[in-house]
Amino acid sequence: MRMIRALLPAVFGIVAFTSTPALAESVTSSVALVEAAASLAPGKYLWEEDAAAGPVSILISIPDQKAYVYRGERLVAVSTVSTGKEGNDTPVGIFTILQKKEMHRSNLYDDAPMPFMQRLTWDGVAIHAGRNPGFPASHGCIRVPASFAKKLFAATEMGATVEITDIAYSGDTPAPRSDAQLTAAANAATTKDLSRFLASRKLSF
């Protein structure tokens, strides 16, 4: 899966260089947002109001200790996070939002409050408001600032894609995609390459 993810900038990145002015403007805005977010203090976030339309997806970078929120293909928000501490590591992979509860309490850890909870796994991993010290400190959940958690809760829908990665964010990181979307993109790229190869040999299939 990581290999497929690594190929995606090559598959989708071309759009940024051959795009309409509106898309070019959104790319510039995303870069400015990432640059501004580089100096975010723990517990802080940035959110571009009404910046774009489209479904929300979320990328959580463990080494960055940040969440990157997309609407469609456009990055619209960045927040500091606190992921799982050693021994309670936050799992990496592609998840979907399975459950949303405005006020939830942990079934595992002393009835601890988990406001604006968005469940990613049935064994206890979720995004929720919580203490955000600037380093991994949770039992595996992704803690975010309270006001950010509220905005994110309002913006997402059940089934939205959330990717958790152990790779730092880079400027050409595309919006998270579901397993099915990643597979389709990889297959499409392979088919195009094969088609070009066969065309160069005047063959067809």
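Worth saying up front: this structure is predicted, and the values here are computed from it rather than measured.
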side-chain contact (heavy atoms from CB on, under 4.5 Å) between Ile62 and Thr165, worked out: CA-CA 6 Å; Ile62 293 175; Thr165 180; over 6 Å; no

Residue pair Arg177, Glu73: steps toward the salt bridge (charged side-chain N to carboxylate O under 4.0 Å, His left out) verdict: CA-CA 10 Å; Arg177 289 170 173 80; Glu73 297 299 315; 2.8 Å; yes

Does the pair Ser147 and Tyr45 meet the rule for a side-chain contact (heavy atoms from CB on, under 4.5 Å), with working shown? CA-CA 9 Å; Ser147 54; Tyr45 68 92; 3.0 Å; yes

Report the C-alpha separation of Cys141 and Met114 in whole Å, then their side-chain angles, then the decisive distance to 0.1 Å, and conclude whether the side-chain contact (heavy atoms from CB on, under 4.5 Å) test is met. CA-CA 10 Å; Cys141 285; Met114 299 168 65; 3.9 Å; yes

Would Lys150 and Glu102 count as a salt bridge (charged side-chain N to carboxylate O under 4.0 Å, His left out) if you check the C-alpha gap in whole Å, the side-chain angles of each, and the deciding distance to 0.1 Å? CA-CA 8 Å; Lys150 184 176 182 178; Glu102 229 176 281; over 6 Å; no

Does the side-chain contact (heavy atoms from CB on, under 4.5 Å) test come out yes or no for Ile127 and Phe148, once each step is laid out? CA-CA 11 Å; Ile127 300 170; Phe148 176 81; 5.9 Å; no

Verdict with supporting geometry, Gln65 and Thr80, side-chain hydrogen bond (donor to acceptor under 3.5 Å, both in side chains): CA-CA 6 Å; Gln65 288 294 281; Thr80 55; over 6 Å; no

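Side chain of Ser61 to main chain of Ile167: a donor-acceptor pair is present (N/O by atom type, distance under 3.5 Å, no hydrogens or angles). Remark: the backbone N or O of Gly54 is paired with a side-chain donor or acceptor of Arg71 at under 3.5 angstrom. A donor-acceptor contact shorter than 3.5 Å links the side chain of Thr90 to the backbone of Gly84.
Phe153 carries Lys100 over the face of its six-membered ring, with the cationic atom under 6.0 Å from the centre and within 45° of the normal.
In terms of heavy atoms, Leu98 sits closest to Leu120 at CD1-O, 3.4 Å. Of all heavy-atom pairs between Leu75 and Glu48, the closest is O-OE1, 4.3 Å. Nearest heavy atoms, Ala137 versus Arg143: O-NH2, 3.4 Å. The two residues His128 and Pro115 come nearest to each other via the heavy atoms CB-O, 3.4 Å. Contact record, Pro176 with Thr161: CB-CG2, 4.1 Å, taken as the closest heavy-atom pair. Shortest non-hydrogen contact noted between Phe95 and Ile164 is CE1-CD1, 3.7 Å.
Atom NE2 of His139 sits about 12.5 Å away from atom CG of Asp89, to the nearest 0.5 Å. Separating the NZ atom in Lys66 from the CG atom in Leu46 is a distance of 9.5 Å, to the nearest 0.5 Å. Atoms OG and CD1, on Ser82 and Ile142 in that order, are 10.0 Å from each other to the nearest 0.5 Å. Here Met158 contributes atom CE and Arg119 contributes atom CZ; the two are 10.0 Å apart, rounded to the nearest 0.5 Å.
For Gln99, the CD atom is densely surrounded, since the number of other residues' heavy atoms within 6.0 Å is greater than 12.
When hydrophobic clusters are built by joining Ile, Leu, Val, Met, Phe, Trp and Tyr residues whose side-chain heavy atoms come closer than 4.5 Å, directly or via intermediates, Phe116 is not grouped with Val125. Put simply, Val81 and Val92 are part of the same group of oily side chains (I, L, V, M, F, W, Y) that touch within less than 4.5 Å, one to the next. Residues Val78 and Tyr70 fall within the same hydrophobic cluster, defined by Ile, Leu, Val, Met, Phe, Trp and Tyr side chains chained together at heavy-atom separations under 4.5 Å. Put simply, Val76 and Val144 are part of the same group of oily side chains (I, L, V, M, F, W, Y) that touch within less than 4.5 Å, one to the next.
Residues meeting the side chain to side chain donor-acceptor pair (under 3.5 Å) test with Lys151, sequence neighbours left out: Glu49.
Here the side chains of Thr156 and Gln118 are in contact, with some heavy-atom distance below 4.5 Å. The side-chain heavy atoms of Val162 and Leu59, taken from C-beta on, include no pair separated by under 4.5 Å.
Aromatic ring pairs are classed by plane angle as parallel below 30°, tilted from 30° to 60° and perpendicular above 60°; the pair Tyr169 and Tyr68 is parallel.
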